[in-house]
Protein chains: 2
Amino acid sequence: MAVRQKAEQRQQTRNRILDAAEELFAQRGYEGVSVRQIMRQAGADVSLAYYHFKSKRDLFDQVMLRRVETLNDLRLQALEAVERRHPDDAPTVEEIIGAFTSPLLDLLATEHEDWTHYFQLIAQINSSPEWGGELMTRYFDPLVSRFIEALRKALPDVSEADLYWSYHFLSGALTLTFAETGRIDNLSGGICRSSDMRAISKRMPHFLAAGFRALASRD
Amino acid sequence: MAVRQKAEQRQQTRNRILDAAEELFAQRGYEGVSVRQIMRQAGADVSLAYYHFKSKRDLFDQVMLRRVETLNDLRLQALEAVERRHPDDAPTVEEIIGAFTSPLLDLLATEHEDWTHYFQLIAQINSSPEWGGELMTRYFDPLVSRFIEALRKALPDVSEADLYWSYHFLSGALTLTFAETGRIDNLSGGICRSSDMRAISKRMPHFLAAGFRALASRD
DNA sequence: GTCTATAGCTTGATAGAC
DNA sequence: GTCTATCAAGCTATAGAC
């Protein structure tokens with residue numbers, strides 16, 4: 001019984017550190033945050049960081065890993081649900097893109113605090129020459145390849161290059177949107193809000209699907 | 001004569017520092033680079049950084065400012081050229097987006113070394129919650145508002161919210177593309193290359209224009 | 001203008017008591 | 001498991017000689 005409590009508290013502390021690290025890395029990037037700042041926010045001593053994690057870089061990797069499997073699973077389930085609704089024909093591009101993006105919107109709607117910092121972190125990694133190529137590849141490529149395959153079936157005449165470039169444009173639009181930097185609030189004079197997920201889900205899949213189709217049907 | 005040489009050398013040193021800072025900030029972000037590393041790469045002593053610039057942050061601001069006016073001027077000229085070709089009707093969405101994006105492609109084609117790091121830096125800033133909202137607004141909003149105005153004329157029935165969200169998706173696709181992280185190279189197994197500007201210019205305006213139109217003509 | 005030298009601080013990480 | 005104490009290194013920034 002005492003053993004179980006110890007294990008639970010250990011897990012709790014570990015998670016408090018991961019939460020603090022996630023939030024601060026998301027705000028200021030890996031290099032912009034010190035282990036001390038993270039542990040201050042977690043309400044624990046610096047040395048505990050090195051008891052629970054091998055190094056600052058290991059802590060960062062665990063922040064990334066903690067949520068990636070959940071996210072990829074939800075996306076895969078959404079895609080499979082779409083495909084089950086189309087036993088004979090191919091799903092539409094909108095439906096496939098919806099399966100890729102709506103899990104993010106759902107997670108923000110139900111567990112906003114937990115996921116918003118994670119998506120901000122992904123956005124920064126995606127745009128970083130130092131981290132982007134390697135980390136996005138490692139964490140997301142298997143899932144993305146599965147989505148590309150579905151898109152290839154929905155757009156039978158599309159070339160491989162057009163398909164990958166289309167996904168690339170999607171990736172940029174998606175990650176910037178979930179970065180929630182407040183830029184669109186300033187630019188639009190308050191007409192649009194970075195945090196308005198309903199406004200996003202009404203527009204993003206439609207916008208991107210039209211782009212995919214435009215490249216697929218060009219000349 | 002000696003005075004002029006001094007002034008020229010001063011300018012040269014200053015530019016060497018700015019070049020080094022631009023490259024390193026683009027690779028590892030503001031916090032990921034020290035003034036010492038910048039000056040080592042510039043081949044000059046640390047103290048010279050503080051002779052030419054007030055602080056690390058001032059150096060960063062000057063890196064941003066050095067190219068932003070040139071870039072915005074070229075974009076504005078491209079837009080005005082497009083509008084001059086349409087004295088009676090409105091330009092197409094493709095033409096307007098082309099005026100926004102093609103100056104970047106041209107600069108990379110003619111002065112690649114000088115501009116590639118700058119665009120990588122912009123990409124990271126755009127996706128950062130810490131910097132994105134404020135800096136992108138300060139440096140680019142006047143120009144972007146001018147482009148939004150042109151797009152409003154090209155899409156007379158579009159709602160204001162659709163217009164701003166469309167631009168937002170454009171911004172994400174554009175900045176990720178110029179971040180050149182190598183991700184698309186990995187994902188596509190070599191079919192696409194991050195640095196292939198011809199492939200980009202053939203696809204990006206077309207993809208994005210279709211998105212704008214899809215939102216503008218939705219129900 | 002460019003150098004040396006250094007102040008004053010923060011960093012990532014560890015050793016050892018309890 | 002959690003604390004105190006500490007290390008060596010690196011950091012931004014400046015003062016002052018030439």
Side-chain angles (χ1 to χ4, degrees), chain A residues 1-66 121 124 128 130-131 135, chain B residues 1-64 66 121 130-131:
Chain A
M1 196 54 127
V3 172
R4 166 172 300 188
Q5 281 200 347
K6 269 275 172 64
E8 264 169 34
Q9 190 180 340
R10 181 196 160 95
Q11 203 54 41
Q12 251 178 33
T13 302
R14 202 186 128 93
N15 273 327
R16 274 206 341 270
I17 298 172
L18 286 169
D19 287 340
E22 187 175 65
E23 179 171 351
L24 292 174
F25 285 149
Q27 279 165 14
R28 301 205 288 273
Y30 178 78
E31 322 263 11
V33 180
S34 70
V35 178
R36 283 172 157 79
Q37 291 171 322
I38 292 168
M39 298 309 286
R40 207 177 302 139
Q41 169 137 334
D45 192 87
V46 208
S47 58
L48 274 181
Y50 297 95
Y51 173 75
H52 286 280
F53 304 94
K54 236 179 60 210
S55 61
K56 183 185 180 184
R57 178 54 202 255
D58 179 46
L59 172 54
F60 175 83
D61 288 335
Q62 299 308 318
V63 166
M64 288 295 296
L65 276 169
R66 182 168 62 147
L121 184 53
Q124 287 183 76
S128 149
E130 177 97 334
W131 311 78
L135 291 191
Chain B
M1 195 55 128
V3 172
R4 166 174 297 190
Q5 281 201 348
K6 270 273 173 66
E8 264 170 34
Q9 190 180 341
R10 180 195 161 98
Q11 203 54 41
Q12 251 179 33
T13 303
R14 201 186 129 94
N15 273 327
R16 274 207 342 270
I17 298 172
L18 286 169
D19 287 340
E22 187 174 65
E23 179 171 350
L24 292 174
F25 284 149
Q27 280 167 12
R28 301 205 287 274
Y30 178 78
E31 322 263 9
V33 179
S34 69
V35 178
R36 281 172 155 76
Q37 291 171 321
I38 292 167
M39 297 310 286
R40 207 176 303 139
Q41 170 137 337
D45 193 87
V46 208
S47 59
L48 274 181
Y50 297 96
Y51 173 75
H52 287 280
F53 305 94
K54 237 180 59 211
S55 62
K56 183 185 180 185
R57 178 55 203 255
D58 179 45
L59 171 54
F60 174 83
D61 289 335
Q62 299 310 317
V63 166
M64 290 295 295
R66 181 169 60 149
L121 184 54
E130 177 98 333
W131 311 79

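Everything numeric here is computed off the predicted structure, so don't read it as measured data. Order of the sequence lines fixes the chain letters, A, B, ..., with proteins taken first and strands second; residue numbering starts at 1 for each chain. Heavy atoms only: backbone and side chains are in, while hydrogens, waters and symmetry mates are out.
- Taking atom CD of B:E31 as the reference point, atom C1' of C:dT10 lies 13 Å away to the nearest angstrom.
- Nearest heavy-atom pair across B:A26 and B:L121 is CB-N, 4.0 Å.
- Relative to the axis of its first five pairs, the axis of the last five pairs of the helix from C:dG1-D:dC18 to C:dC18-D:dG1 sits at 0°, rounded to 10 degrees.
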Grab the N/O contacts between the protein and nucleotides 1-5 of chain D below 3.5 Å, and write none if there aren't any.
residue	atom	partner	partner atom	Å
D:dT2	OP1	A:Q9	NE2	3.2
D:dC3	N4	A:S47	OG	3.0

Would you tabulate the nitrogen or oxygen pairs shorter than 3.5 Å linking the protein to nucleotides 9-11 of chain D?
residue	atom	partner	partner atom	Å
D:dC11	OP1	B:S34	OG	2.9

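- Put simply, the side chain of B:F60 does not reach to within 4.5 Å of the side chain of B:F53, judged on heavy atoms.
- Every pair passing salt bridge (charged side-chain N to carboxylate O under 4.0 Å, His left out) that includes a residue from residues 22-32 of chain B is listed here, sequence neighbours excluded: B:E22-B:R66, B:E22-B:R67.
- A sub-4.0 Å separation between OP1 or OP2 of C:dA13 and a side-chain N or O of A:Y50 is present.
- Distance CZ/A:R14 to NE2/A:H52: 8.5 Å, rounded to 0.5 Å.
- Atom CD in B:E8 sits 11.5 Å away from atom OG1 in B:T13 (nearest 0.5 Å).
- Taking OH from A:Y30 and CD from A:E130, the interatomic distance works out to 10.5 Å, rounded to the nearest 0.5 Å.
- To the nearest 0.5 Å, the span separating CH2 on B:W131 from CD on A:Q27 amounts to 13.5 Å.
- Atoms CD1 and CD1, on A:I38 and A:I17 in that order, are 9.5 Å from each other to the nearest 0.5 Å.
- Sorted by first and then second residue, the salt bridge (charged side-chain N to carboxylate O under 4.0 Å, His left out) pairs with a member in residues 42-59 of chain A read A:R57-A:D61; sequence neighbours excluded.
- B:R16 pairs by the salt bridge (Lys or Arg N to Asp or Glu O under 4.0 Å) definition with nothing, not counting sequence neighbours.
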